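In what follows, a structure is listed as structure tokens, so that the remarks can point back to it.
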Amino acid sequence: HQDLMALHSYNPLDDLYNHYPHSLRNIDELCASIVRSHRETSQYRLEELQALRWKVFSREEIQAYQSKTVDEMWQHCAVRLTEAVQYVVEFAKHIPGFRMLSQNDQIALLKTGSMEVVLVRMCRFFNTENNTVFFDGKFAGTEVFKSLACGDLIAAVFDFAHGLCALKLTEQQLALFSALVLINPDRPSLEDRVRVQRVHRSVEVGLTHILHRDNHDSLLHKLYQRMAVLRSLCSLHMEKLRWFSQRYPLTAHSLFPPLYKELFASEAELLPGAAH
Ligand SMILES: CCS(=O)(=O)c1ccc(CNC(=O)N2CC3(CCCC3)c3nc(-c4c(OC)ncnc4C4CC4)ccc32)cc1
């Protein structure tokens with residue numbers, strides 16, 4: 001019976017605790033710095049969003065959005081997205097190990113990862129009761145984005161936000177999950193994949209540590225499923241972006257400097273210095 005009990009209560013992290021107590025301190029420090037960085041770069045505080053929770057757009061305001069032309073609405077959204085991406089870049093810079101990567105690897109991770117983290121963060125300002133997302137100062141339903149002519153993409157974004165909200169992640173879990181999404185060793189064109197793998201692994205141990213401490217080990221598997229959905233969402237988005245850029249080359253060229261150049265030219269910097 002005793003063995004059974006021992007077996008039942010076995011947890012891989014116990015090894016970590018017992019054999020490498022010093023690394024436990026490191027894990028706590030790692031988690032603390034990622035959580036601190038998330039809090040300082042989250043763009044909106046949860047209390048602010050809570051206060052605005054029922055501030056939705058009026059019929060007139062929705063009309064105004066819907067009467068924008070396709071490229072006007074894309075431009076408008078691009079400004080909002082670019083703003084959100086800047087906060088994610090700041091978040092990335094404070095993840096222990098991220099700054100040690102080469103400049104090119106930092107850009108390669110941010111090129112695709114920053115959009116994914118924007119989508120992960122969206123669950124912080126998503127109201128599942130009326131299916132609205134905080135956008136442009138109020139909570140918007142899918143109808144606000146009608147003139148983007150990307151109904152399937154917007155529906156997928158809302159579904160993703162719903163799914164992530166359902167997991168009821170704490171800010172700490174969200175911070176570690178965001179870092180895990182960003183530090184992805186499978187990104188294309190990485191120079192030093194092994195180094196990225198090492199940083200990814202440390203963040204993964206941090207997330208496992210947090211989930212174990214919160215007695216929510218089952219969440220890790222669900223978070224990995226969410227990451228797969230995230231990747232498909234972002235490739236759908238890239239498809240739309242290519243379609244949009246072919247149809248409205250001038251807008252795309254003037255408006256999406258960082259991503260446009262990255263999509264259609266050589267390496268352009270996505271880090272804040274170049275984006276302004
Ligand atoms: C990265 C800088 S860049 O390289 O210059 C760049 C790259 C791409 C684009 C065009 N895509 C775009 O604008 N998108 C796409 C998506 C919906 C699919 C994935 C995220 C999205 N979302 C929002 C958004 C929100 O942005 C902060 N906040 C709340 N809601 C929403 C909308 C419900 C989705 C607002 C714009 C927006 C623009 C600029």
Side-chain angles (χ1 to χ4, degrees), residues 41-44 49 52 55-57 62 65-66 68 70-92 107-128 130-162 164-165 181-182 229-249 251-265 267-272 274-276:
T41 62
S42 56
Q43 192 171 10
Y44 308 107
L49 293 163
L52 294 166
K55 208 172 163 213
V56 292
F57 285 110
I62 293 171
Y65 281 116
Q66 294 182 340
K68 283 177 185 286
V70 172
D71 71 327
E72 273 169 3
M73 192 59 185
W74 269 78
Q75 285 183 48
H76 188 76
C77 285
V79 167
R80 284 286 162 269
L81 181 71
T82 307
E83 218 175 78
V85 162
Q86 298 292 345
Y87 282 88
V88 174
V89 172
E90 280 314 303
F91 168 63
I107 290 176
L109 292 179
L110 283 168
K111 191 166 156 182
T112 28
S114 58
M115 185 79 64
E116 291 183 359
V117 175
V118 165
L119 285 166
V120 166
R121 288 177 159 204
M122 224 175 260
C123 79
R124 292 175 82 248
F125 42 85
F126 190 79
N127 183 342
T128 52
N130 59 4
N131 208 38
T132 58
V133 68
F134 188 69
F135 175 80
D136 245 359
K138 290 187 181 177
F139 277 79
T142 53
E143 70 281 359
V144 164
F145 303 95
K146 198 163 147 234
S147 48
L148 278 177
C150 296
D152 51 345
L153 174 63
I154 295 303
V157 169
F158 274 61
D159 283 349
F160 177 79
H162 239 286
L164 203 52
C165 282
V181 163
L182 199 62
V229 176
L230 206 43
R231 273 202 271 287
S232 62
L233 227 176
C234 282
S235 49
L236 176 59
H237 169 245
M238 292 312 267
E239 249 174 68
K240 300 286 176 191
L241 190 61
R242 264 189 281 280
W243 161 79
F244 177 82
S245 301
Q246 269 144 24
R247 183 132 173 234
Y248 301 93
T251 310
H253 193 66
S254 67
L255 223 110
F256 313 150
L259 196 90
Y260 189 84
K261 283 184 200 139
E262 307 239 326
L263 273 185
F264 307 104
E267 276 311 297
E269 305 254 294
L270 192 67
L271 299 178
H276 295 312

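Nothing fancy with the numbering, it's 1 onward along the sequence. Every value quoted in this text rests on a predicted model; they were computed, and no experiment measured them. Both ligands and their constituent atoms are indexed starting at 1 by order of listing.
For the atom pair CG (D159) and OG1 (T142), the distance works out to 10.0 Å, reported to the nearest 0.5 Å. Interatomic distance, CD of Q86 versus OG1 of T82, reported as 7.5 Å (0.5 Å rounding).
Near F158, meaning under 4.0 Å from one of its heavy atoms, ligand 1 places the atoms 33 (C). Ligand-side atoms of ligand 1 in range of T82: 2 (C), 5 (O), range being under 4.0 angstrom from any heavy atom. Near A84, meaning under 4.0 Å from any of its heavy atoms, are these atoms of ligand 1: 27 (C). Those atoms of ligand 1 that come under 4.0 Å of a heavy atom in W74, given as number and element, are 10 (C), 11 (N). Against a heavy-atom cut-off of under 4.0 Å, V85 is close to the following atoms of ligand 1: 1 (C).
The option with the heavy atom closest to atom 23 (C) of ligand 1, from among M122, R80, H76, Q43, is M122. Among T132, T142, L119, L81, the residue whose heavy atom sits closest to atom 9 (C) of ligand 1 is L81.
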*Start with the C-alpha distance between E116 and L233, add both sets of side-chain angles, then the distance that settles side-chain contact (heavy atoms from CB on, under 4.5 Å), and finish with yes or no.*
CA-CA 9 Å; E116 291 183 359; L233 227 176; over 6 Å; no
*Is there a salt bridge (Lys or Arg N to Asp or Glu O under 4.0 Å) between E239 and R242 once you walk through the steps?*
CA-CA 5 Å; E239 249 174 68; R242 264 189 281 280; over 6 Å; no
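Within the 4.0 Å heavy-atom criterion, the part of F145 lying near ligand 1 is the side chain and not the backbone. Within the 4.0 Å heavy-atom criterion, the part of L241 lying near ligand 1 is the side chain and not the backbone. With a heavy-atom cut-off of 4.0 Å, M115 touches ligand 1 through its side chain alone. When non-hydrogen atoms are compared, ligand 1 lies under 4.0 Å from the backbone of A78 as well as from its side chain. Of all the heavy atoms of K240, none lies under 4.0 Å from any atom of ligand 1, so neither backbone nor side chain is involved.
An N or O contact shorter than 3.5 Å links H237 to ligand 1 by distance.
The shortest heavy-atom distance from F134 to ligand 1 is under 4.0 Å.
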Cut-off 3.5 Å, no hydrogens considered: what does the side-chain donor-acceptor table look like for residues 149-156, sequence neighbours left out?
| unit_1 | atom_1 | unit_2 | atom_2 | d |
| --- | --- | --- | --- | --- |
| D152 | OD1 | K240 | NZ | 3.0 |
| D152 | OD2 | K240 | NZ | 3.0 |

Would you list the atom pairs, donor with acceptor, under 3.5 Å between side chains in residues 117-125 and any protein atom, with sequence neighbours excluded?
| unit_1 | atom_1 | unit_2 | atom_2 | d |
| --- | --- | --- | --- | --- |
| R121 | NH1 | T41 | O | 2.6 |
| R121 | NH2 | T41 | O | 3.2 |
| R121 | NH2 | T41 | OG1 | 3.0 |
| R124 | NE | E171 | OE1 | 3.1 |
| R124 | NE | E171 | OE2 | 3.1 |
| R124 | NH1 | Y44 | O | 2.9 |
| R124 | NH2 | Y44 | O | 3.0 |
| R124 | NH2 | E171 | OE1 | 3.1 |

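Taking the charged nitrogens against the carboxylate oxygens, E143 and K146 have no contact shorter than 4.0 Å, which rules out a salt bridge.
Taking the six-membered ring where tryptophan is involved, the planes of F126 and F158 are perpendicular, since the angle between them exceeds 60° and thus also 30°.
Looking at S147, its side chain does come within 3.5 Å of a backbone N or O of Y65 through a donor-acceptor pair.
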